[in-house]
Amino acid sequence: MCGVIGILKEENVQYDIALALQSIQHRGQDSCGLATKDKKKFFLEKEDGLVASVFNHKTLADFKGSIGMGHVRYPTMGSAGKVNAQPFFEKQPGIFLTHNGNIINYHDLRKQFLEKSLYLTSSCDVEPVLYVLAEELMKLRQYGHTTEDLAVALKETYKRVRGAFTLVGIMYLDGEDTLFACRDPYGIRPGVWGEQNGNFMVASESVAMEMTGFDYRGDIPHGSLMVFKKDKKPVTIEIDKKEHHPCIFEYIYFARPDSIISGHSVYDTRLVLGRMLADKIKRKGIEVDVVIPVPDTARPSATAIAEELNVPVRDGFIKNRYSGRTFIMPSQYDREFAMRLKHNTIEGEFKDKRVLIVDDSIVRGTTTKHIVSLVGKSQPKELHIGIFSPPVYYPCYYGIDISRQHELIARKYKEYYAEGPDVFEKKMAHFTGADSLTYLDISDVQKSLGQPVCSACFDGHYPLPLREDEQKSIEDDRDEYQKN
Ligand code: AMP
């Protein structure tokens with residue numbers, strides 16, 4: 001879970017990059033980095049913490065250049081901390097590279113490099129990708145690389161590097177500074193581009209374009225390379241293209257609602273998912289007096305559900321804006337402690353009412369269980385839970401931090417599914433302490449975008465094939481770097 005930005009414009013590109021990074025801060029809060037190039041000078045700064053605290057007017061004044069990139073990181077491979085912050089730089093032939101995603105054969109690549117006595121300086125999975133790309137470019141020529149060279153080198157890189165990724169790079173191509181971006185063959189992770197009077201921008205989410213005055217133009221096509229040069233038409237070259245499978249979890253939880261990804265509005269998709277869940281709730285015969293979202297992700301879906309059920313939607317929870325993200329706390333104890341700080345209730349919205357609480361997903365179950373016990377004190381008449389995604393049964397190996405099977409609560413109750421979905425949902429409701437719990441059906445999620453999606457965390461169908469040892473190496477990696 002990370003966010004990437006690349007911008008090519010006039011001078012002092014660093015200010016726009018810092019602004020754009022702040023708009024995608026939700027994609028990663030562990031560390032951030034910014035790199036620019038000014039003629040033959042390279043600038044790079046990476047640090048732990050949030051963009052606004054690392055890059056202020058004073059620190060940004062140290063940068064120069066008309067081309068640059070930025071990154072916000074939440075680790076899904078390797079440890080947290082500055083050592084793994086991006087972007088990375090390779091002197092020969094002079095490339096800055098950053099990515100969002102997971103390289104599934106990272107541990108193999110690392111081993112191959114070690115066998116050649118090539119040591120990596122981090123445990124971040126973009127580092128070996130950079131070395132592979134540099135190696136492939138240097139095989140073609142030592143200097144004076146062209147766009148065609150980059151496409152050839154990337155074709156070879158895609159054979160050696162497998163994963164779900166959106167890469168952003170800067171290098172000197174065809175005699176000028178060039179911004180490039182490419183996405184994995186299935187386009188699992190998002191990547192969009194925009195334009196502003198001959199200037200160009202790439203980003204994980206379209207919201208970053210609105211913040212910086214760029215016009216959103218669309219997706220960087222999956223499996224393809226896009227090359228941007230100042231005042232020239234962008235060039236698109238196919239590298240390795242398979243059927244597009246955007247990650248549905250981006251729409252459910254991860255992306256900002258005001259973003260457009262792969263041509264679909266995240267906000268509208270949450271409305272659609274809400275309507276589908278309302279249908280199921282009606283079919284189950286559940287009747288409620290009020291719908292209350294768990295802030296903030298669930299708001300649009302809760303509104304749609306309330307409209308369908310013909311009842312009001314109310315703010316029953318107040319979120320402490322200054323509490324950290326509970327999901328990323330290192331231990332279960334920390335998460336539960338932080339959870340208390342995060343939400344409080346407005347008692348009158350629950351008391352003596354039949355309430356439907358709506359949230360986006362259940363991963364470990366910590367949030368739902370905590371919310372139910374919190375609301376219990378306000379004495380609702382009935383307490384129902386609606387989750388606008390299916391049960392998370394399978395780890396994500398493609399860059400969303402749900403990478404360890406043993407921590408997925410739905411998996412612990414999966415055996416009951418054989419007795420029927422209702423039995424399973426009853427068991428989950430019992431676990432949380434609610435009167436009922438309704439998940440969205442997988443078939444609804446699969447039709448929500450009107451195109452194939454990656455829903456591997458729900459159905460176990462991984463579009464990008466990965467071997468058992470690769471799955472294990474990713475789970476072991478998370479076990480090593482995250483405590484239980
Ligand atoms: P949990 O408490 O572990 O069940 O996590 C579920 C809650 O965390 C949901 O309310 C989501 O809003 C949020 N969430 C779900 N997936 C993630 C993720 N990969 N990273 C951070 N937060 C998440």
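These numbers were taken from a predicted model, which means no experiment stands behind them. Counting starts at 1 for both ligands and their atoms, in listed order.
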Does Ser262 have any side chain to side chain donor-acceptor pair (under 3.5 Å) partners at least two apart in sequence or in another chain, and if so, which?
-> Asp219
Within a distance under 4.0 Å of any heavy atom of Ile400, pick out the atoms of ligand 1 and give their elements.
-> 19 (N)
May I ask whether Thr297 has any heavy atom positioned less than 4.0 angstrom from an atom of ligand 1?
-> no
Those atoms of ligand 1 less than 4.0 Å from some heavy atom in Ser361 = 6 (C), 9 (C), 10 (O), 11 (C), 15 (C)
Consider every N or O of Val363 and every N or O of ligand 1, then say whether any pair is closer than 3.5 Å.
-> yes
Could you list which atoms of ligand 1 come closer than 4.0 Å to a heavy atom of Met1?
-> 19 (N), 20 (N)
Checking heavy atoms under 4.0 Å, the part of Phe249 that sits near ligand 1 is side chain
For salt bridge (Lys or Arg N to Asp or Glu O under 4.0 Å), just list the numbers for Arg354 and Asp289, CA-CA rounded to whole Å, side-chain angles, deciding distance to a tenth of an Å, and then say yes or no.
-> CA-CA 5 Å; Arg354 297 172 301 171; Asp289 304 312; 2.8 Å; yes
Neighbour count >12 (heavy atoms, 6.0 Å) for atom CD, Glu287 | no
Okay, side chain of Arg217, backbone of Gly194: is any donor-acceptor separation there less than 3.5 Å?
-> no
Taking atom types as modelled and ignoring hydrogens, do the side chains of Thr166 and Asn100 form a donor-acceptor contact shorter than 3.5 angstrom?
-> no
Just jot down the ligand 1 atoms closer than 4.0 angstrom to any heavy atom of Gly365, in number order.
-> 1 (P), 3 (O), 4 (O)
Go through the steps for Phe350 and Phe317 under the test ring-ring contact (aromatic ring centres under 6.0 Å, His included), then give the verdict.
-> CA-CA 10 Å; Phe350 295 93; Phe317 295 105; 5.4 Å; yes
If you measure from the Lys or Arg side-chain nitrogens to the Asp or Glu carboxylate oxygens, is any gap between Glu47 and Lys82 under 4.0 Å?
-> yes
Listed pairs under 3.5 Å, donor-acceptor, residues 438-446 side chains, sequence neighbours left out:
unit_1: Thr438; atom_1: OG1; unit_2: Lys284; atom_2: NZ; d: 3.0
unit_1: Asp441; atom_1: OD1; unit_2: Lys280; atom_2: NZ; d: 2.9
unit_1: Gln446; atom_1: NE2; unit_2: Asp459; atom_2: OD2; d: 2.8

Is there a nitrogen or oxygen of Thr368 sitting under 3.5 Å from a nitrogen or oxygen of ligand 1?
-> no
Should Tyr74 be listed as contacting ligand 1, given a heavy-atom distance under 4.0 Å as the test?
-> no
Contact atoms of ligand 1, heavy-atom distance to Asp359 under 4.0 Å | 9 (C), 10 (O)
Which of the ligand 1 atoms, numbered from 1, are nearer than 4.0 Å to a heavy atom of Asp360 = 9 (C), 10 (O), 11 (C), 12 (O)
